[in-house]
Amino acid sequence: MSVEPYGADEESAAVLRTVGRVIKMCRERAGLTQAALGAQIGYSEEQVSSVERGRRAPMEEFLDAADRALEANGLIIALKGDVEKARFPKKVRDLAKLEAQAVEICSYDNSVVNGLLQTEEYQRAVFRSRRPAFTEEQVDQLVRARLARQEIVTRTDTALSFVHDEAALRRPVGGKMVLRRQLERLLEVGQMPHVEIQVLPLESEDNGGLDGPFHLLRLRDGATVGHSDIQLVSRLISDRRELQILELRYGIIRAQALTPRTSLTYIEKLLGET
């Protein structure tokens, strides 16, 4: 998944321009120049200028310091949520919106642990393994976006079903200790009553998911949307015939996998071998 720079899509750019105008308005009301504000909050004049023009997404520390220096009484701090969302690539924002509307999310993964279940250190290892390599700023951006999406896991009104090929649970992404903590996270989440985690063992001769990972989101309005993210293509699927195939395929994969209870025992076994 490529990372869009700030302002690469109009929705994100519009948010950052609005944030910049609010900060500029507060600064001018306080009678400060960009250089003077920068000196007070520990940023350069160029950085303040970039924020005010909507070319740079300000960090939380910038917003906190600017709110205090300009005596904005929380007006600038209130922009944090909008700024954080504007940092995310558009495809992540679109997927997060659908996940927020879902009553059920079903996922099959065969390469790495599903993103909604990944620990932060596992995420960083996954993103750092991509080639061409991401910059550390891009890695930070992607990690923040994925961690924000994980809020859905704590929502008990959304049923979550994950099937992992055993290969994804054996691959030592980030090293053995990172993998151990990731497996421990799966065991923890797997105890939640609205979450089912299943393992499709490598020794199984049948695997309906050899074509790769995919996800199904069943929404509150009764609609179903599919999502596939393979190599350079991230795609939302709404065609009914394609969805029928994915729903049939997921049902077969779940039947081929171990039961949720047996799967947790199996993950414990893998943890002991790691």
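Along the sequence shown, residues are numbered consecutively beginning with 1.
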Tell me whether Leu179 shares a hydrophobic cluster with Leu187, the cluster being built from Ile, Leu, Val, Met, Phe, Trp, Tyr side chains joined at under 4.5 Å.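 As far as the 4.5 Å side-chain criterion goes, Leu187 and Leu179 are connected within one cluster.
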
Identify whether Met177 and Leu183 are in the same connected component of the hydrophobic contact network (ILVMFWY, side-chain heavy atoms under 4.5 Å). no

Going by heavy atoms in the side chains, are Leu186 and Leu169 under 4.5 Å from each other? yes

Is there a side-chain contact between Val173 and Ser129 (heavy atoms, below 4.5 Å)?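 No, side chains not in contact.
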
Quick check: are there more than 12 heavy atoms from other residues, nucleotides or ligands sitting under 6.0 Å from CD of Glu28?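 Yes, the 6.0 Å shell around CD holds more than 12 heavy atoms from other groups.
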
Does atom CZ (Arg128) have a neighbourhood of more than 12 heavy atoms from anything else shown, all under 6.0 Å? yes

Residue pair Tyr250 / Phe162: nearest heavy atoms and the distance that separates them: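 Looking at all heavy atoms of both residues, the closest pair is OH-N, 3.9 Å.
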
For the student: nearest non-hydrogen atoms of Leu243 and Gly226, plus distance: CD2-N, 3.4 Å

For Glu120, what residues pass the side-chain hydrogen bond (donor to acceptor under 3.5 Å, both in side chains) criterion, not counting sequence neighbours?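 Applying side-chain hydrogen bond (donor to acceptor under 3.5 Å, both in side chains) to Glu120 gives Arg124.
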
Report the residues that fulfil side-chain hydrogen bond (donor to acceptor under 3.5 Å, both in side chains) with Gln34, sequence neighbours left out, ordered by chain and then residue number. Glu52

Enumerate the side-chain hydrogen bond (donor to acceptor under 3.5 Å, both in side chains) contacts for residues 164-174, please, sequence neighbours excluded, ordered by first and then second residue. Asp165-Asn207, Glu166-Arg170, Glu166-Tyr266, Arg170-Glu273

May I have all residue pairs that pass side-chain hydrogen bond (donor to acceptor under 3.5 Å, both in side chains) and include part of residues 62-72, sequence neighbours excluded?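 Only Asp64-Lys80 qualify under side-chain hydrogen bond (donor to acceptor under 3.5 Å, both in side chains).
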
Among all residues two or more places apart in sequence or in another chain, which pass the salt bridge (charged side-chain N to carboxylate O under 4.0 Å, His left out) test with Arg155? Asp157

In chain order, what residues pass the salt bridge (charged side-chain N to carboxylate O under 4.0 Å, His left out) check against Glu61, with sequence neighbours excluded?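 None.
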
